[in-house]
Number of protein chains: 2
Amino acid sequence: MDDQTDQTRKPRADALRNRERVLEAAKAVFNAGGPEASLEAVAKRAGVGIGTLYRHFPTREDLFEAVYRREVEQLSELAEQLKTTKDPVDALRRWLRSGVEFVATKKGMVAALALAVQSGSELHAFSFERLTTAIGSLLHRAVAAGEMRADISPEDLLRAFFGMCYMHDQPGWQSSVLRMLDVFVDGLRVQPTAGAKARVAKPAKPAAKRKR
Amino acid sequence: MDDQTDQTRKPRADALRNRERVLEAAKAVFNAGGPEASLEAVAKRAGVGIGTLYRHFPTREDLFEAVYRREVEQLSELAEQLKTTKDPVDALRRWLRSGVEFVATKKGMVAALALAVQSGSELHAFSFERLTTAIGSLLHRAVAAGEMRADISPEDLLRAFFGMCYMHDQPGWQSSVLRMLDVFVDGLRVQPTAGAKARVAKPAKPAAKRKR
DNA sequence: CGAAGATACGGAGGCACCCTCCGTTTAACA
DNA sequence: TGTTAAACGGAGGGTGCCTCCGTATCTTCG
C-alpha cells in the first residue's frame, strides 16, 4: 500500500522511527504525570533530543492531538454502532456510559482535551466536532422518535457530559457521574406532566415534530 | 516554650499592609491572566519582593484561598436565603442559576477551584464542604417535600454543576448551562408517569438503590 | 526617648522547564 | 561511493518557582 506517486523523497527512516518513539513516550508520560508533564521528560524517555521532539510536534497540543485523536475516533465510532440499537434513548444512555468508562481508562484524554479547549487548539476543534456529531446523531434519533425533548442541542449535551467527567479525580467520581447521567437522561425525556408546568426554556430548534 | 496562642505580640503594621497589597494584586492578576499567572508578577504589582509574597502565602493555593474564600461564602449564604422560598424545587433551581451568574462574574473562581480540586488543597476542602452543605440543604428540602428523588447526593449535584460550569470559556456557555440545568432539575423531580412506563432501558445498574 | 530584640523585607541564586537555533550527522538517491 | 537535503541533538537564553539569609524596620520596655 505504497502509492508514493509523489516525486518527493521517501521520508527518512530515522524520522519515522523517532516520531513513533516520541508518541509512545508521550503516551506513557502523560498518563503518568498528567498533561502538564515535562516535554523534556518525554524526549528523554523517547531517547531523542528535545529539538527532535519539537520538530515533530511544534506545540504541546500537536503532541496531544497525535496521541489522543485515535481515542476520540473510537468514541465516535461507538456512537455509529449504537445507532442500530432499537431504543434510541437506550442508545444514548449507553453511549454516555461508555464515555464514562472510556474516560476512566484513558485518564489522560480528558485533561488533555480540557487543556485543548482552553487553548482553542486544533485538537479541540476536531474532537468537539467529532463528538458533537456522534452525540447529535444519537440525540436526533431519540427526538425524532418523540422520546426526547427537542430544545437541547448536541453541543449542550456534550458540554454537560464533558464537564461532569472533568471531575474525574475525586474519589467515587465514576459512580457519581453515572448517577448524574441517569438523572440527565430522565430530564431529557419528553415529560407529559412536566409540560403542563411552566417550562422556562424556549425551544431553540424549530424542527422535530413531537408525536404522542 | 512560651505559649504563642494567647499572649502574642501585635502583628507588625507593615506586615498587614503588605498582605493586603498582595491580595489585591493577586485578585487583579488572576482575573486578568488566569490562575496560572506568574506569582512574581503578583509580587511586582503589589510592590513587594517575591520573598514577602511567599512568606504570607506559602503556596499558590493559599493565595487562592485568601482571594476566593469570601466568594464561596457568598454563594453559600445565598442558599441560606433561598431556604425561605416556598417551592423547594424552585429554590434549588434558582440557586443553580445564581451559581451560573456568579461564575460568569468571577471568572477566576472556577478555574482556581478546578486547580484546587486537582491539588487537593485546603481551598478545595473548604469550598467543597461549604457548597455541599449549601446545596444539600436545598436538596434535602425538596426530597422531604416529596418533590425530588432521594437517591442523589449533594456531592453528586455539586460535581455536576461544577463540571458544567467548567466549560465556561466557550462561546454561549452560559445559556447552554442554563438549559442543561433545567434538564437536570427536571430529571431530579419525582416522576410518577415516567417511572411507570419508561425505564425500558435495561437496568444494568450494579449499585444503585433506585427508589421509584 | 533610645536601645534591644523580634519580625518582616527583598532579591539573589539554584533549579526546572520552555523553546529556538544551528553546527553536525545520516539516510536516500544517483 | 559521493552528494545533498533532511533530520538530529543539545547548548543557550528566557521565564517562573521557591528558598535562604543578610538587612531593614517595627514594637516593646527601660
Side-chain angles (χ1 to χ4, degrees), chain A residues 2-26 29-30 32-66 111-112 115-116 118-119 121, chain B residues 1-26 28-30 32-66 111-112 115-116 118-119 121:
Chain A
D2 48 328
D3 37 17
Q4 301 285 350
T5 52
D6 267 355
Q7 54 187 1
T8 66
R9 220 186 173 102
K10 187 163 60 175
R12 277 175 58 159
D14 54 348
L16 264 53
R17 176 166 32 82
N18 280 335
R19 187 189 165 83
E20 215 46 48
R21 280 188 186 171
V22 168
L23 272 179
E24 196 175 343
V29 170
F30 286 152
E36 322 233 52
S38 153
L39 294 189
E40 290 183 333
V42 172
K44 192 175 298 175
R45 183 181 229 276
V48 306
I50 185 67
T52 297
L53 185 151
Y54 273 95
R55 197 170 334 94
H56 284 294
F57 308 101
T59 73
R60 185 178 286 265
E61 268 77 29
D62 289 332
L63 194 47
F64 284 158
E65 176 168 342
L115 262 190
Q118 281 172 334
S119 69
S121 73
Chain B
M1 295 302 225
D2 219 349
D3 187 355
Q4 45 183 338
T5 53
D6 52 345
Q7 197 55 32
T8 67
R9 190 189 270 238
K10 188 165 57 176
R12 275 174 58 161
D14 53 348
L16 264 54
R17 176 167 31 82
N18 280 334
R19 185 185 167 81
E20 216 46 49
R21 280 190 187 170
V22 168
L23 272 178
E24 197 175 342
V29 170
F30 288 151
E36 321 233 54
S38 154
L39 294 189
E40 291 184 333
V42 172
K44 193 175 296 175
R45 184 181 228 276
V48 306
I50 184 69
T52 296
L53 185 151
Y54 273 96
R55 197 171 333 95
H56 284 294
F57 308 100
T59 73
R60 184 178 287 266
E61 269 78 28
D62 289 332
L63 194 47
F64 285 158
E65 176 169 343
L115 261 191
Q118 281 171 335
S119 69
S121 73

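Quick note on labels: first sequence line is chain A, next is B, and so on, each numbered from 1. For the numbers below, each heavy atom of this structure counts, side chains included, while hydrogens, waters and symmetry mates do not.
Mapping B:Ala13 and B:Leu39 onto DNA chain D by nearest heavy atom places B:Leu39 closer to the 5' end of the strand. For the pair B:Arg19 and A:Gly51, both in contact range of DNA chain C, the more 5′-proximal nearest nucleotide belongs to B:Arg19.
Judged by distance alone, with hydrogens and angles left aside, A:Glu36 brings no side-chain donor or acceptor close enough to the base of C:dC17 to form a pair under 3.5 Å. Interface remark: the A:Arg12 side chain does not form any donor-acceptor pair with the C:dA28 base, using a distance-only criterion of under 3.5 Å.
Taking only side-chain atoms of B:Arg55, from C-beta outward, the nucleotide of C:dA8, C:dC18, C:dA28 with the closest atom is C:dA8. For A:Asp14, counting side-chain heavy atoms from C-beta on, the closest listed nucleotide (C:dA27, D:dG10, D:dT28) is C:dA27. Set against C:dA28, C:dC19, D:dT28, the side chain of B:Lys10 has D:dT28 as its closest nucleotide. The side chain of A:Ile50 approaches D:dG10 more closely than any other nucleotide in the set D:dT19, C:dG10, D:dG10. The listed nucleotides are D:dC8, C:dA8, D:dC18; the one nearest the side chain of B:Glu40 is D:dC18. Relative to the side chain of A:Tyr54, the nucleotides D:dC18, C:dT20, C:dA28 differ in distance, and C:dT20 lies closest.
Separating the CD atom of A:Glu61 from the P atom of C:dC19 is a distance of 9 Å, rounded to the nearest angstrom. The distance from atom CZ of A:Arg17 to atom P of C:dT25 is 17 Å, rounded to the nearest whole Å. Put simply, CG on A:Leu53 is 17 Å from C1' on D:dA11, counting in whole angstrom units. Going from atom NZ of B:Lys44 over to atom C1' of D:dC17 covers 14 Å, rounded to whole Å.
Atom OH of B:Tyr54 and atom OG1 of B:Thr59 lie 9.0 Å apart (nearest 0.5 Å). In this structure, CG in A:Asp14 is found 10.0 Å from CZ in A:Arg21, a value given to the nearest 0.5 Å. Note that the CD atom of B:Glu24 and the CZ atom of B:Arg19 stand 14.0 Å from one another [nearest 0.5 Å]. Atom CZ of A:Arg60 sits about 8.5 Å away from atom CG of A:Leu63, to the nearest 0.5 Å. Annotation: the span from A:Asn18 atom CG to A:Leu53 atom CG amounts to 10.0 Å, rounded to 0.5 Å.
Between A:Arg60 and C:dC18 there is a side-chain N or O to OP1 or OP2 distance below 4.0 Å. One finds a side-chain N or O of B:Thr52 lying less than 4.0 angstrom from the OP1 or OP2 phosphate oxygen of C:dG10. For D:dA7, neither phosphate oxygen OP1 nor OP2 lies less than 4.0 angstrom from any side-chain nitrogen or oxygen of A:His56. One finds no side-chain N or O of A:Arg9 lying less than 4.0 angstrom from the OP1 or OP2 phosphate oxygen of D:dA5. For B:Asn18, no side-chain nitrogen or oxygen approaches OP1 or OP2 of C:dA8 to under 4.0 Å. B:Ser38 has no side-chain polar atom (N or O) that falls below the 4.0 Å cut-off from OP1 or OP2 of D:dT15.
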